[in-house]
Protein chains: 2
Amino acid sequence: MGILGPVNMREIARRAGVSCATVSRVLSGSSLVREDTAKKVRDVVSEAGFIPNPSAAMLKYGRSRTYGLVLPDLQNPFFGEFVGAFEDLLIDIDHEVLPISVQTSDKLVKSVRRMLMRQVDGAVLVSSEFDTGAVEPLLLRQIPLVTVDRRTVQIGCSDVSIDYELGFVEAVQHLKTLGHKRIGYIGGTKGPHTSEVRANAFEQAIRGAGLTFYPGLTRRGNYQVTGGEAAVVSLMKTSAPPTAIITANDLTALGAALGIHRLGLVVPRDLSIVGVDDLFLSEVVQPPLTTIRIPRKRLATACLQAMNYTKQNLERIGAEFSVPTQLIVRESTARPKSAPKKKSKR
Amino acid sequence: MGILGPVNMREIARRAGVSCATVSRVLSGSSLVREDTAKKVRDVVSEAGFIPNPSAAMLKYGRSRTYGLVLPDLQNPFFGEFVGAFEDLLIDIDHEVLPISVQTSDKLVKSVRRMLMRQVDGAVLVSSEFDTGAVEPLLLRQIPLVTVDRRTVQIGCSDVSIDYELGFVEAVQHLKTLGHKRIGYIGGTKGPHTSEVRANAFEQAIRGAGLTFYPGLTRRGNYQVTGGEAAVVSLMKTSAPPTAIITANDLTALGAALGIHRLGLVVPRDLSIVGVDDLFLSEVVQPPLTTIRIPRKRLATACLQAMNYTKQNLERIGAEFSVPTQLIVRESTARPKSAPKKKSKR
DNA sequence: CTGTTAGCGCCTTCAG
DNA sequence: CTGAAGGCGCTAACAG
C-alpha cells in the first residue's frame, strides 16, 4: 500500500528495475512499452501509491491544467452553484478550477495576480466589472479569456451572454396575463455591465408587451437581500406603487419579499415578485419564488466552449455565445388585488 | 508594464544586469544586496510584471502552500461560507485552500488522491465520514490532519469539536420556557460521526432540562431540505405530534417549515422549529429561523490552530479543540398553541 | 522496445 | 556583496 514520504519516479523506476523514462511512458499510456514491463511498473506504482508530482510537469510544460474563475461574490449561492457546475465539467478533462471572489473592496488586480501566480491556462470573468487595465497582464501573456455578460469581444477574449431578454419577455408576459400594468424593477449595482443588460432587458420587455415603462418604479439594488428590502420599501411608499416587480436576482427578490412582510403586507396579494437566478432555496421559501432561471450547467458548458474557442483562436477576435433563460412560475406572482377594483368603476 | 509570454528570473536578471541569484535574493527580502542593485532589480521586476513561478519553488521545497478542505456538500451554503472564512485566514499567511466536496457517490479515496496530487501541506476533514483506510495515505506521508467533530484524535491528527451540547441546552431551555414539553428531533444521515454527536446532544439536553425524551418523536433527515420536509410530515402524522422540533441543520429546518406549510399548518403556531448553522438566509425566510449558530470564523480559526499544532507535533497524538455555539432566537419559535388548552381543564 | 540526457524556473550552497 | 552551479521530479528527444 502506501509509503513513507513522497516517492518520486526514480524510486519507482529503481523498484521496477527500469528507467524513469519507462515509468513515464507507462503512466502516460504510451504503447511503446512491452506489456510485461508495463505490468511490472503498474504493480510497483500502485503498490507504492505513487502519484506523479504535477508541479514538475507544469514546470516543463508551462501549463497548469487549471482555469481561473472570477466571481463577484461567493456569498451569493448562485455563484457557488455555478462553480460546482464548472468544476464538474473540468474534472472530466482532468483540469482544476481556481475560484476567486472579487469582493467590492479588493481590486480585480489582486485576483489577476493570483491567477498569474497559479499560472492559469485561462480565465473566466463572470458578471464582473471588466477593468481593461487590470486584465491587461492576462492578455499580454496570451491567456485566453472568457467574459460572461460583457457583450463585447476582443482579441483573445470571447463572451458568453445570458439571454435575459428572453426571460424578461416571458416574465412580463406572465405578469401582463395576470392583469398587471404597473410593473416595477429593482436592479443591480452600477459597476458590472450585466446590470445595464438586465435593466435594458426589462425596459424592452415592458415596451414590447405594450405596457408603460415607468422610470419612477425603478430602483437600484445591490444584488443582495439588503438592497431588495430597502428598494421595495421605497417603492411601496410612492403615491402609486407597482402591483408587481421584477428584480435583478433572487437575493434581491428575497429581500423584497422580506421588506413587504415587514411592511405588514403579503406576497403576492399586495405585490407580485419575480426574481432571476433560481437559487435552489427559491423554491423552498414561502411563498416559493417565481423566477427567471439561469441554467448553471448550460452556462458552464458555454463558458468552457468559449474558452476552447478562444484558446484555439488566440490571434483572432473572440466569439460570442449565448445561454437561454427560462421563466419558472411559482407562487410569488398572482393577479393584482387592486386592478379589478379600479377597472370595475361602479 | 506587462510583457509577452512568461518571463523567468533569468530574463529579469539579464535586464537588470545581474544574476538570477541576486534577483532571488531581492525577491526574498535578503539584506545581502546593495540598495542600488536591489532598487534596479525591483524596478525591472515591476516593470516586467514578473511573478515567480510557484511550481518551481514547490518542486524545490516539496511544500505547496495549500491546505485541502474536505466537505460533505458544497451545495449547503454553510460550507460555502466556511470555505470563505477559512480562505480569508489562509490569505493572510499566503496560502491557498483546495476545497473538495465529497458527494455521497464519490468516495473519500478520490479526494485523497486529488489532495496528494496537489501535494497539500495538510488537510481538514469537516463533518465527514472518517474512513481510516482512505486517509491512510495522508497519514503515511506525514500530512497533518484536522478533523471537525470526529471527537477522536490520533498520531498526526487533531480534532476540532463544535460544542453542540451548549447550543442544544440553550435551545431546549428556550423551548421549555416557552412551555413546550413534547420536543422532537430531526437528525442527519447515518454516516458522519457528527450526526451521532448532534443526536446525543439533543437527548442529553432534553433530559438535562428535566423533560421527557420521546424516541418516537425522533426522525432521521439528510441534512437537506427534502429530508426535513419528509420527516416533519411523518412526525405530524403521529397520534401525538411534537409542539416543537430541533433539527440537525438549517436546511433541514427550512424543509420542515416547508412541510408544515404544505400540511396547511403554520410555523410557529402549530410547530416551533429550531435549526443549526445560522445560514445567512435563515434570517431572511419567513418566519426568520431560530437557530443554533456555528460561528464560521471561530471554527476556521480553530481549524488553522489545530493544523499548526498537528504540524508541529507530527509524531505525537493530536490535540482537541472546541468551538462554542450560540442560540439565535428569531420568530420560528413561540408558545405552543395546544399546551395552555390542555393545562386548563375546564 | 528501453535507457540516457537535458532542461523547465527557482533557490541555495559555495566561490569569488 | 555578487556570480556560478547543481538539483528538485518529470518528460521528450535522441541513442542504443
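Reminder, nothing fancy here: chain letters follow the sequence lines and each chain counts from 1. Any value given below was found using the heavy atoms of this structure, including those in side chains, with hydrogens, waters and symmetry copies removed.
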*B/His193 and B/Phe130: aromatic ring centres closer than 6.0 Å?*
no

*asked:* What's B/Thr37 touching, base or sugar-phosphate or nothing? Going by heavy atoms closer than 4.0 Å.
replied: sugar-phosphate

_Rounded to whole Å, how long is the line connecting atom CZ of B/Arg14 with atom P of C/dC10?_
15 Å

*Please state how far atom CD in B/Glu11 lies from atom P in C/dC8, giving the value in whole angstrom units.*
13 Å

*asked:* Between A/Ser111 and A/Ile100 (side chain of the first, backbone of the second, donor and acceptor by atom type, cut-off under 3.5 Å), is there such a pair?
replied: no

*Could you state the atom-to-atom distance from CD1 of A/Ile12 to P of D/dT11 in whole Å?*
13 Å

Can you give me the N/O atom pairs linking the protein to nucleotides 3-5 of chain D at distances under 3.5 Å, or say none if there are none?
residue, atom, partner, partner atom, Å
D/dG3, OP2, B/Ser19, N, 2.9
D/dG3, OP2, B/Ser19, OG, 3.4
D/dG3, OP2, B/Thr22, OG1, 2.8
D/dG3, N7, B/Arg25, NH2, 3.0
D/dG3, O6, B/Arg25, NH1, 3.3
D/dG3, O6, B/Arg25, NH2, 3.3

_Which nucleotide in C/dC8, D/dC10, D/dC1 has an atom nearest any side-chain atom of B/Arg10_ = C/dC8

*Look at the side chain of A/Ala57 and decide which nucleotide, out of D/dC8, C/dG9, D/dC10, has an atom nearest to it.*
D/dC10

*What are the two closest heavy atoms between B/Val153 and B/Glu320, and how far apart are they?*
CG1-CG, 3.6 Å

*Nearest-nucleotide pick for B/Asn8, side chain only, options being C/dC10, D/dT2, D/dT11*: C/dC10

*If you check every side-chain atom of A/Met9, which of D/dT11, C/dT2, C/dC11 has the closest atom?*
D/dT11

*Answer yes when A/Glu35 and A/Lys39 have at least one side-chain N-carboxylate O distance shorter than 4.0 Å, and no when they do not.*
no

_From the set C/dC11, C/dG9, D/dC10, return the single nucleotide nearest to any side-chain atom of A/Lys60._
D/dC10

*May I have the distance from A/Gln119 (atom CD) to C/dG9 (atom C1'), rounded to whole angstrom?*
9 Å

*Please state whether the rings of B/His95 and B/Tyr67 are parallel, tilted or perpendicular, taking 30° and 60° as the class boundaries.*
parallel

_Rounded distance in Å - CG (A/Leu59) to C1' (C/dA6)_ = 13 Å

*Output the distance between atom CD1 (B/Ile162) and atom CD1 (B/Ile294), rounded to the nearest 0.5 Å.*
4.5 Å

*So, for A/Ser64 and A/Gln119, which heavy atoms are closest and what is the spacing to 0.1 Å?*
OG-O, 2.6 Å

*State which of D/dC10, C/dC8, C/dT2 makes the closest approach to the side chain of A/Arg34.*
C/dT2

